[in-house]
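Chain identifiers are assigned alphabetically (A, B, ...) following the order of the sequence lines, protein sequences preceding nucleic acid strands; residue numbering begins at 1 within each chain. Computed from heavy atoms alone, side chains included, the values below leave out hydrogens, waters and symmetry copies. Everything numeric here is computed off the predicted structure, so don't read it as measured data.
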Amino acid sequence: MFLKRQMPAIIAIGVGLFILFGHFINNPNVQGFVNNDATQWFDIIASFAIFLGALNMLKLQVLKVVKKQRNWQYSILAIFGFAFAIFAGFFFRGANYITLTDIHPQNVNKLVEYISTVQEVDDPVLMVKGIQGSLASYEIPKIFISRSSAEAFSVTISGIAKDVTLGVKPWGAHVQIKGSLFSWMFFKIFTPLSSTMFALLAFFVASASYRAFRIRNFEATLLLVAGIILMIGRVPVGELVPWWLVSTLMVFGIGALIAPLIPDKKLLFGIIIGGIVLTSGLGILLDWNLAVNMPAILSLPNISEWIFDYPTAAGSRAIMIGIALGIIATSFRIILGIERPF
Amino acid sequence: MNNKLLVISGIASFIIFIYWATFGSWFITGNAPTFVGVIIVSATIFYYIDGAKSGKEIYLRPIPGLKAIEEAVGRATEMGKSVLFVPGISDMDQVDTVAGINILSHVAEITAKYETDLNVPTCRAIVMESAREACRESYLRAGRPDLYYDDMVHYISDDQFAYAAGVNGIMIREKPAACFYQGKFYAESLLLAETGNSIGAIQIAGTGSASQIPFFVTACDYTLIGEEFFAASAYLSNKPELIGSIKGQDIVKFMVMILMVSVFALDSLRQLGILNFDILVLLGLN
Amino acid sequence: MDLLKKIFIALGSMDRRFIFLLVGLSVLLPKLYPDLFTLPIKASSHSQRVFDEIDALKEDSKVLVSFEYGPSTKPEIHPSAIALLNHLFSKNIKVYAVALWPDGNFMATEAFSQVADGYGKKYGVDYVNLGYKPGGEAVVKGLASDIRTMYTVDLLGNDIDSIEMMKDVKNLLDLDFIFSLSAGYPGSKEWVQFACDPLGIPMSTGCTSIQVTDIIPYVENDQIKGILSGMPGAAEYEQLVQDALNERGIVVSPGKASINMAAQSMAHVVIVLLIILGNITYYLTRKSGKKGGM
Amino acid sequence: MDYMDIFGVWLSVFLTLSIFSYLYKDNPFYKAAEHLYIGISAGYVAVISFWQQIQPNLFGRLWPRIDANADMGMFKSAWYFVYEILNWVSTLGGWLDRSIFPANGIKGFDGISWIYIIPFMLGIFMLLRLVPRLGWLARWAIAYIVGMAAGLRFYGFLNSDVLMQVKAATVDFSGDWWSIFNGLILLIGTLSGLVYFFFSKEQTGIVGKISKIGIYFLMIKFGASFGFAVMGRISLLIGRFDDLIVSNSPQNYYATLWILSAMIVLLGIWAFFDKPETEELTV
C-alpha cells in the first residue's frame, strides 16, 4: 500500500523541492540537472507515453469497426492513417539520393536541364554556378521516394560525370529530409489538414464577434470598441478613415459616457450635436485634411497603437501577474503535498 | 495565534540568513531576489494554510463560473445528454493541466452523483492516465465505482488541431449538453468554444493561457479568468488548508502591489533628485 | 420604418453559415482580382524599430535566427523570415539558424533555398542551419552556456567543428543579435527569459498576431527591440526592406504579405460591418422586446 | 513533376476542401478527413517523438558511439551486449535492416550518462500501465513530472512574470508629459486589474470601485486581443486560399476546380438523402 499511495507523494514532493531549490545551489551537476536534464527526462517519459496513447486510440477505433458502431467506416481510415505513418516512419525510408563525382565541366548545363525534369528549378543560372563550385562531388538536390525512380534517373544522366552513386539518407534523418516519404506525408496530408483547421478560425472569429460584441453593458461596450478600433487600426484600410469620422465617433463616445449624468435627453442631444459641429468646424478651419497638421489623436492607427501599447499592456500585465501567482500557489500546494492529481 | 507568526517568520528569516551567509559558496549568485521571493511567498502561504487548518474562518468572494458547474451537470442529466470535459492540450509538465485535472475530479464527483455520462477526450497520454486516476477516485468517493469505466477518459491525438478536429466531431455527433474547457489552450480554443455554442451546450471555460481568455469570454457562458482558474479547485474542495492557501495567495498579491507602488514612488523620488539611491539596484532587480 | 426594422431583425438572426460565406468571399475576391484593391502600407513604430535594429548591424556581424513556427502559422511569419534573410544577406551578415519546433526545419530550409542563392551565399561560410533540437527552454539555456552541448552536428549531419563559420562561436555571447520567428511555446518568451535577458544580447521577434499580446510587456520595457506582429507586421517590414534595398540597387520581388494585405483589410471591414449590423438588430429586438413585454 | 507530386497536390486539395466542408455541416467528407487526420497525426507524433527524442536523447546517451576495437571493461562490454540484444529484438532477429540501433552505438554524445537509466525506467513504468497488476507504477512517473512541473514553474513564473513586472513598475519622468501620462495609465491599470483578482476581500466599497476600474482595463485588453487575433486568423485563411489557387495550375490539371465541383455535387445528393439519419439519437 505504501508503494502505491505514499511513494508517489514522496517522489513529487522530493523532486519539487529539489528542482525548486536546485536553481540556487552552487553545484554544476545540480544546475545542469535543473536547467537541462529535468525537462529532457520529462520529454523522454512523454515520448514513451505517446505509444500508450496511440494504442488507446487504436483500440477504440478497432472496437468501433468490430462492433459496427455508428460511423465505423471512417474508423478504418483512422487505422489506415496510423499504419501509413508508422510504415513511413519505421519501415520504409524512401529517402534515396544521387551523388555525382568529378562532373565534366561542359556537361553542367545539360545536368541542370535533367534536374529540372524531376524538380522545379526556380533559378537555373544559380544552380549552374552552384555545380561549378563543387565539381568534385555534387549531390543532386532531389530526394527520390522509390529506389526505382532514383535508378531510372541515374541511368538517364549516366554520361554526365565520372560515376554516379546511389545512397539512402540515414535512419532518423529521413524524418527531417524534404523529399522522403515521411516528409511527403507531412507536406501533402498532415499540413493541409492542420493549416485548414487553423484557417477555420477566421470564420469562427467572425461568427463569435458578430454574436458577442453587443452593447449589453458598459464592459461589453469597452470590449466592442477596443476590438473594432484594433481590427481597423492595424490594417492599411485604417489609414483611409477620415479625421472627421473619428472626431464624430469620439463625440458620440463622450456623449455615451456622460449620458447617465444628464437626465434631460434634449440637453444631452444638444451637447452631442454641438460637439460634432465644433470639432468639424475646427477641422475645416485648421485644414486638418493635410496629414501633416492633423492631430495624431484623430488618426485611427495611432489610436489603435495607443490602446494596444498602454491599456492593453496594463491589462495583460495584471492578468500575467495574477496567473503567475496562481501557478506559484498551485505549485506550492503540490510541493506541500496537499493537492495531488495522481 | 501570533506566536505561529513568530515561529514561521523566524524560520524564514533564518533560512534567508543562511542563504546570505553562504551566498556565492553554497548558493549561486545572480538570482538572490528570486530566492528571497520564494521564501517569503512560501512562508506567507504556509502561515495562512496553518491558520485555516486551526479553524480560522475565511471569506471567499463567489466566482460565478463555479456555481454554474453543478447547474450545468444537472441540466445535462435532465436532457439525458453527456458531459464533455476537455483538460487542455498541454501535458502534465504545465501547472495549468494539473489544475484542470483537479477540477475534473470535482466534476467527476458530481457526474457520479447525478449518474450522468462523462466523456473526457485528452491530448496527451500522461494526462489520460492521471485523468483516469482522478475520475476513478471521484467515482469511489461518490460511492458509485460501478459507473466508472476506463474508456470514459480516452486519447485522441498529440497534435493540437487533430485533437480539436476529434473533439469537434464528438461534440457535433454526441451533442453533449455541458462542455468544460479547463486547462492550457492555444489557438484551438475558439474552434471548441464556437462548435460548443453551435450545438447549444452550456460552456464553462477556465484557463491560464492569457491569449485565449478573450475567445472564451466571448464564446462561453462562464469563464474562469487566469487566477480564478487556479483557485477553482481549492474553492470546490472547501478543505480548510486549500482555502487558507487562497488567502495566502491574496496576501502575496497585496505584497506584490505594495512592492510595485514603493518601487514606483522611490524611483520617482530618485528621478526628481530627492533621493539618491536606486531602489532597483537595492532589490537587485536592475 | 417597420419594414426596415423587420429586415434588420431577420438579418440579426441569420444563420452563422451566411457569415462564413461573407468572410470567405471577402478574402477570396481581393485574391482573385488584386489590382482592384491596392492600399498603401505605412510602417508602425514596432516594425520600424525592428528594421532600424537590423540595419544598424555592421557587416560580418553574426545573427542567430530561430525558426519556431510550422506550416499552419506559415502565412503570418514566413514573409517576415524571407524579408529578414533578404535584409541580412544584403548586408553580408552571417546567419546561424536553429529551430525549437520540429517543423521549423522545413521552414528554415525553404526560406534559405528561396533567398540564399539570390545573394550567392554559400552554406557553411555565410549561413548554417543547425536544425531542430527538442527541449524548448532547455535548448535555449544550452545554447547560452555552450552550443556544443546541444549541437554536435548540423541539420545535414556534418560535424560542427568542420563548419568554418562555427569555429569562433562557443555560445550565444559570441553572437551580435538574436531574431526569434515564433508562433507559440517554445518561442520568443523562452529566448527573452533564458538567453537575451540574462546575457544582455539584443533581440527582436516576428510572431503570430495572437502571441503579440503576451510579448508586448517585454517590448514595452525594451527587453525585446521591436516586434513584427502577424502578417501586417511582416508586410510593413517587407516594405521597409524593399525600399532600402531598392535604394542600394538590389531588386527584391514584392513580398507575399504585402500582396495579401488587401484581402486582410477587406475581411476586417466585413467583420466590423457585421458587428455593427449585429448591434443594430440587438438594439431593435431589445426595444421591441421591451415594448412587446415578451 | 512525377506522379507522386501531382497525386499529393490533388490529395491536399481534397483534404483542404473536406475540412472547409465542416462549415456547411457535419458530412462524410469532414468525417473522413477528421478520422484520417487523427490516425496520421497519432502516427506522426509517435514517429517524430521516437526519432527525435527516444533514439538520439535516450539510447544515444546510454549507448554512445564507440570505435569497434576500443578496449572495454568487462562491465561496459556487458552493457553493449544489452545493446546488441535490443538491436536483435528491434530487427526481428536480423530480418529488418539495422535502423534504430546502428552498429557500435549511436552517434551524438561522447560519454555514457548512466543517470539516464532513471528516465528509461520511468518510461517503462508508464508503459506498464498496459499490465493491470503493475499499472500503479505509472504513478511514480506521473509523480516525477508533477513534482518537476511544480519546481520549475514556481521558480520560472516568480522570476519572469512577477519580479520582472515589478521592475517595470517605474515611470520615466524624463520624457514629455504624454509619456508620463501613459506610464501612469500602465501602472494604475496593472494595480487596479490586480485588485479584481482578490478572492478573500469582499468587492464592496473602495475595493469594489477599484476592481470595477480593473475590469474596464481587462475588458479593453480582451477586446484588443480579440481584434488583434482576427487579423492573424484572416492571414491563415488567406494562406489556405493561396495554396488552393496555386494548386489550380495547368500542370496540376486544375485540381481545385475538379474536386470542388465534384464535392458540391456529391454533398448536394448526400444532403438530399440525409434527412432521417441525423434525427435518431446516438447510443
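Looking at B/I39, the atoms closer than 4.5 Å to chain A (heavy atoms on both sides) all sit in the side chain, from C-beta outward. Heavy atoms closer than 4.5 Å to chain B are found in the side chain of A/F42, but not in its backbone. Looking at A/F213, only its side chain comes within 4.5 Å of chain B, counting heavy atoms on both sides. Of the two parts of B/I49, only the side chain, counted from C-beta on, holds a non-hydrogen atom closer than 4.5 Å to a non-hydrogen atom of chain A. Looking at A/L336, the atoms closer than 4.5 Å to chain B (heavy atoms on both sides) all sit in the side chain, from C-beta outward. With a 4.5 Å cut-off on non-hydrogen atoms, A/L60 touches chain B through its side chain but not through its backbone. Proximity to chain A is limited to the side chain of B/E129, based on heavy atoms less than 4.5 angstrom apart. Proximity to chain B is limited to the side chain of A/F21, based on heavy atoms less than 4.5 angstrom apart. For A/L55, no part lies near chain B; criterion is any non-hydrogen pair under 4.5 Å. The contact between A/F190 and chain B is made entirely by side chain atoms (from C-beta outward), counting heavy-atom distances below 4.5 Å. Proximity to chain A involves both the backbone and the side chain of B/F46, based on heavy atoms less than 4.5 angstrom apart. The contact between A/I328 and chain B is made entirely by side chain atoms (from C-beta outward), counting heavy-atom distances below 4.5 Å. When heavy atoms are compared at a cutoff of 4.5 Å, B/N168 approaches chain A solely by way of its side chain, counted from C-beta outward. With a threshold of 4.5 angstrom between heavy atoms, B/E227 approaches chain A through its backbone and through its side chain. For chain A, the nearby parts of B/L190 are the backbone and the side chain; heavy atoms of each come within less than 4.5 Å. For B/D151, the part lying near chain A is the side chain, with the backbone staying farther off; criterion is any non-hydrogen pair under 4.5 Å. In this structure, the portions of A/F204 lying under 4.5 Å from any heavy atom of chain B include both its backbone and its side chain. Residue A/V205 touches chain B through both its backbone and its side chain, counting heavy-atom pairs closer than 4.5 Å. Heavy-atom distances place both the backbone and the side chain of B/D93 under 4.5 Å from chain A. Looking at B/S105, there are no atoms closer than 4.5 Å to chain A (heavy atoms on both sides), in backbone or side chain. For chain A, no part of B/A162 is nearby; none of its heavy atoms comes within less than 4.5 Å. In this structure, the portion of A/Q31 lying under 4.5 Å from any heavy atom of chain B is its side chain and not its backbone. With a 4.5 angstrom heavy-atom cutoff, B/M260 touches chain A only via side-chain atoms. There is no contact between B/R124 and chain A, counting heavy-atom distances below 4.5 Å. Looking at A/I319, only its side chain comes within 4.5 Å of chain B, counting heavy atoms on both sides.
Looking only at heavy-atom pairs under 4.5 Å with chain A, the residue among B/E188, B/M128, B/E228, B/Q160 that has the most is B/M128. Across B/A219, B/A187, B/A165, the residue that shares the most heavy-atom pairs under 4.5 angstrom with chain A is B/A187. Among B/G248, B/S245, B/G226, the residue with the largest count of heavy-atom pairs under 4.5 Å with chain A is B/S245. By number of non-hydrogen pairs under 4.5 angstrom with chain B, the leading residue of A/A208, A/A78, A/A324 is A/A208. If you tally non-hydrogen atom pairs under 4.5 Å between each of B/I225, B/T29, B/I156, B/N197 and chain A, the highest count goes to B/N197. Interface remark: of the candidates A/I25, A/I338, A/L201, A/L52, A/L201 forms the most heavy-atom pairs closer than 4.5 Å to chain B.
The CG atom of B/D159 sits 9.5 Å away from atom CG of A/L193, with the distance rounded to the nearest 0.5 Å. Atom CE of residue B/M255 and atom CG of residue A/L325 lie 11.0 Å apart, to the nearest 0.5 angstrom. Put simply, NE2 on A/H23 and OG1 on B/T34 are 9.5 Å apart, with the number rounded to the nearest 0.5 Å.
Heavy-atom minimum distance, B/E194 versus A/S207: OE1-OG, 2.7 Å. The minimum heavy-atom distance between B/I126 and A/A49, with the atom names listed, is CG1-CB, 3.5 Å. Summarising the geometry of B/Y155 relative to A/G53, their closest heavy-atom pair is CD2-O, 3.0 Å, with the distance given to 0.1 Å. Minimum heavy-atom separation, B/F230 to A/R333: O-NH2, 3.2 Å.
A/N26 places a side-chain N or O within donor-acceptor distance of the main-chain N or O of B/S25, the cut-off being under 3.5 Å. Remark: side-chain polar atoms of B/D91 are not paired, donor with acceptor, to backbone N or O of A/A46 under 3.5 angstrom.
At most 12 non-hydrogen atoms from other residues, nucleotides or ligands lie less than 6.0 angstrom from CZ of B/F254.
Salt bridge status for B/K239 with A/E339: absent, with no side-chain N to carboxylate O gap under 4.0 Å. Using a cutoff of 4.0 Å between basic side-chain nitrogens and carboxylate oxygens, B/E133 and A/K4 are not scored as salt-bridged.
The side-chain contact (heavy atoms from CB on, under 4.5 Å) with A/F332 is formed by just one residue from the set B/V41, B/I45, B/T44; it is B/I45.
A heavy-atom distance below 4.5 Å is not found between the side chains of B/I28 and A/N27.
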